[in-house]
Amino acid sequence: MTDQTLIQAYQIAKEQYASAGVDADAAMRRLETIPISLHCWQGDDVGGFEKVGAKLEGGGIQATGNYPGKARSIAELRADVEKALSMVPGKHRLNLHACYLDNGGKFIDRNEMLPEHFQSWIDWAKSNGLGMDFNPTYFSHPKAADGFTLTHPDKGIRDFWIEHGICCRKIGAEMGRQLGSTTVTNVWIPDGYKDIPIDRTGPRERLTDSLDKMFAEPIDPKIHLDAVEAKLFGIGAESYTAGSHEYYLAYAVSRQKVLTLDAGHFHPTEVISDKLSCVLMFCPGLLLHVSRPVRWDSDHVVILDDELQAIAKELVRSGKLDKVHIGLDYFDASINRVAAWVIGTRNMLKALLIAELEPTAALKAAELKMDFTERLAMLEEQKSLPWAAVWDYYCMQKGVPVGRAWFDEIRKYETNVLAKRA
Ligand code: RNT
Ligand code: ZN
């Protein structure tokens with residue numbers, strides 16, 4: 001399609017939205033202020049670059065598939081992220097795990113990590129105009145091999161992981177300070193029992209003690225925020241997870257921490273879209289791990305499905321986007337990994353655009369006057385308005401491929417770069 005056609009299509013769409021009471025230009029202006037935090041771990045199947053203990057194990061996070069071309073080094077991963085971001089409109093962020101440190105070839109254990117081991121990432125992020133988010137890595141390590149970290153009955157192991165958490169907060173703060181953009185450091189641990197435990201309280205008491213020790217030192221919230229992420233179960237931890245939803249919701253409210261909601265961490269029919277308004281009311285912030293569970297916490301690539309749209313609408317309707325941090329969390333090793341990033345990130349943005357194009361005030365007014373007929377009628381008509389013409393125009397304006405054109409870029413990258421990685 002020529003630029004001229006795209007502009008014409010947009011002009012028509014704009015008129016249609018105007019007659020529904022929506023300013024499409026304003027919707028795009030709002031969309032451009034919402035960053036998505038791209039998860040580094042899609043690029044190499046959650047491998048990381050520690051070289052020691054690098055095998056993905058513990059906690060039931062599992063990348064499956066054998067698609068060729070996975071990033072084998074920091075340089076390759078950065079090149080892949082740059083490629084992906086060149087096909088995504090807007091300014092975004094990189095979400096890094098601690099096991100992706102740049103250790104210069106010398107093994108640095110988790111409790112010895114320093115900001116200097118991430119300086120090359122910070123420099124790279126700065127030169128690419130990206131903010132950064134961070135995560136301590138509580139898996140793929142000999143001291144996590146039995147599936148317990150911050151709740152471990154052995155105080156020595158707990159202390160090791162507390163130290164790791166403290167290191168990571170300092171690293172996250174340094175990222176936020178140097179990049180001039182708040183870094184959210186998200187704590188997720190795999191700890192749980194395969195079979196029915198006797199003591200459900202003890203691990204949670206130990207977790208509280210560990211977290212309180214980790215978070216003891218205050219950090220300026222302008223540069224750094226702590227987040228905690230719950231989970232329902234993991235492979236090998238089917239019967240009990242210490243850091244469950246109730247646990248972390250209570251912890252985050254009582255300690256005023258950011259709560260992370262991962263779309264895959266609930267019962268199969270339970271959705272997070274209904275939880276956002278509750279969390280935003282009582283927590284200082286909300287971090288999303290947008291994912292797609294298929295029958296279990298499978299971390300499939302995010303598609304433009306009903307739940308993704310429901311999440312985006314909740315975020316926009318809440319009017320609290322300033323307290324929300326949107327991150328992606330999936331890892332599919334069965335398809336082109338760069339394409340996986342592009343598909344998921346573009347879908348997240350499409351969902352947000354659709355939400356920004358909603359006449360929310362009018363819908364709320366109908367609801368408040370109990371006119372549920374009008375609410376339903378308007379919502380259903382809204383679905384057939386031409387949001388895709390607005391999206392294409394937005395991509396064109398931002399200088400990224402329009403429609404399926406990005407896929408040609410992926411094919412070229414696959415032939416010229418990925419296929420050469422033996
Ligand atoms: C695991 C959590 C966690 C991880 C990443 C890699 O179930 O979702 O967020 O996916 O830390
Ligand atoms: Zn997650």
Side-chain angles (χ1 to χ4, degrees), residues 36-50 53-64 71 77 93-101 110 132-141 144 147-150 161 164-165 168 171-172 183-192 226-238 240-245 247-248 252 258-268 270 272 275 279 286-302 308 311 325-333 337 340-341 344 348:
I36 309 299
S37 202
L38 210 68
H39 52 316
C40 71
W41 53 91
Q42 164 58 51
D44 73 333
D45 315 338
V46 212
F49 301 114
E50 282 175 305
K55 202 175 136 285
L56 175 60
E57 60 185 19
I61 50 175
Q62 177 115 38
T64 56
L77 188 69
R93 308 175 63 81
L94 178 77
N95 193 7
L96 200 68
H97 240 285
C99 60
Y100 288 73
L101 84 170
R110 302 266 169 97
M132 283 184 82
D133 296 300
F134 197 49
N135 308 260
T137 308
Y138 287 104
F139 49 83
S140 305
H141 188 280
F148 292 88
T149 61
L150 292 176
W161 289 114
H164 178 53
C168 287
I171 294 160
T183 290
V184 183
T185 297
N186 177 53
V187 175
W188 172 76
I189 60 163
D191 303 32
D226 301 299
V228 289
E229 178 183 10
K231 187 160 177 166
L232 177 66
F233 83 103
I235 291 180
E238 289 85 355
Y240 169 88
T241 295
S244 61
H245 179 56
Y247 175 85
Y248 275 125
V258 172
L259 186 76
T260 304
L261 290 178
D262 182 311
H265 288 190
F266 295 87
H267 289 281
E270 193 177 356
I272 64 165
K275 303 181 192 295
V279 173
L286 166 69
L287 170 63
L288 288 175
H289 271 190
V290 183
S291 190
R292 178 165 55 106
V294 178
R295 304 193 191 281
W296 69 293
D297 179 30
S298 60
D299 292 291
H300 277 61
V301 179
V302 167
L308 185 68
I311 290 169
H325 310 266
I326 304 175
L328 305 174
D329 183 10
Y330 55 79
F331 25 96
D332 190 335
R337 295 171 183 80
W341 266 322
M348 185 71 242

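Just so you know, ligand 1 is whichever comes first in the structure, and atom 1 is the first atom listed for that ligand.
Ligand-side atoms of ligand 1 in range of Phe331: 10 (O), range being under 4.0 angstrom from any heavy atom. Taking a cut-off of under 4.0 Å to the non-hydrogen atoms of His265, the atoms of ligand 1 that pass are 1 (C), 2 (C), 7 (O), 8 (O). Every atom of ligand 1 with a heavy atom of Lys231 under 4.0 Å away is listed here by number and element: 1 (C), 7 (O). Short contacts between ligand 1 and Asp262, defined as distances under 4.0 Å to a heavy atom of the residue, involve ligand atoms 8 (O). Near His97, meaning under 4.0 Å from any of its heavy atoms, are these atoms of ligand 1: 5 (C), 6 (C), 11 (O). Taking a cut-off of under 4.0 Å to the non-hydrogen atoms of His289, the atoms of ligand 1 that pass are 9 (O).
Contact annotation: the side chain of His245 never approaches that of Leu232 to less than 4.5 Å [non-hydrogen atoms, C-beta and beyond]. The side-chain heavy atoms of Phe266 and Ile272, taken from C-beta on, include a pair separated by under 4.5 Å. Looking at heavy atoms from C-beta onward, Trp161 lies out of side-chain contact with Ile189 at the 4.5 angstrom threshold.
By the 3.5 Å distance cut-off applied to N or O atoms, Trp41 is not counted among the residues near ligand 1. Of the N or O atoms in Asn186, none lie within a sub-3.5 Å distance of an N or O in ligand 1.
Ring planes of His97 and Trp41: perpendicular class, angle over 60° (limits at 30 and 60°).
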One pair to check against side chain to side chain contact (heavy atoms under 4.5 Å, CB included): Glu229 and Asp329. What are the steps and the verdict?
CA-CA 12 Å; Glu229 178 183 10; Asp329 183 10; 4.2 Å; yes
Applying side chain to side chain contact (heavy atoms under 4.5 Å, CB included), run through Tyr138 and Asp191 and close with a yes or a no.
CA-CA 9 Å; Tyr138 287 104; Asp191 303 32; 5.8 Å; no
For the pair Leu259 and Val228, evaluate side chain to side chain contact (heavy atoms under 4.5 Å, CB included) and give the outcome as yes or no after the intermediate values.
CA-CA 5 Å; Leu259 186 76; Val228 289; 4.1 Å; yes
Would Leu287 and Asp133 satisfy side chain to side chain contact (heavy atoms under 4.5 Å, CB included), going step by step from the backbone distance to the final call?
CA-CA 11 Å; Leu287 170 63; Asp133 296 300; over 6 Å; no
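Using a 4.0 angstrom heavy-atom cutoff, Asn135 does not count as in contact with ligand 1. Judged by the shortest distance from any of its heavy atoms, Asp297 lies inside the 4.0 Å radius around the atoms of ligand 1.
Judged as a side-chain hydrogen bond (donor to acceptor under 3.5 Å, both in side chains), and not counting sequence neighbours, the contacts of Asp226 are Arg169, Lys257.
A donor-acceptor pair shorter than 3.5 Å cannot be found between the side chains of Ser291 and His289.
The shortest non-hydrogen separation linking Arg93 to Thr183 is NH2-CA, 4.0 Å.
Within the protein, the number of N/O/S atoms found under 2.8 Å from the Zn ion (ligand 2) is 4.
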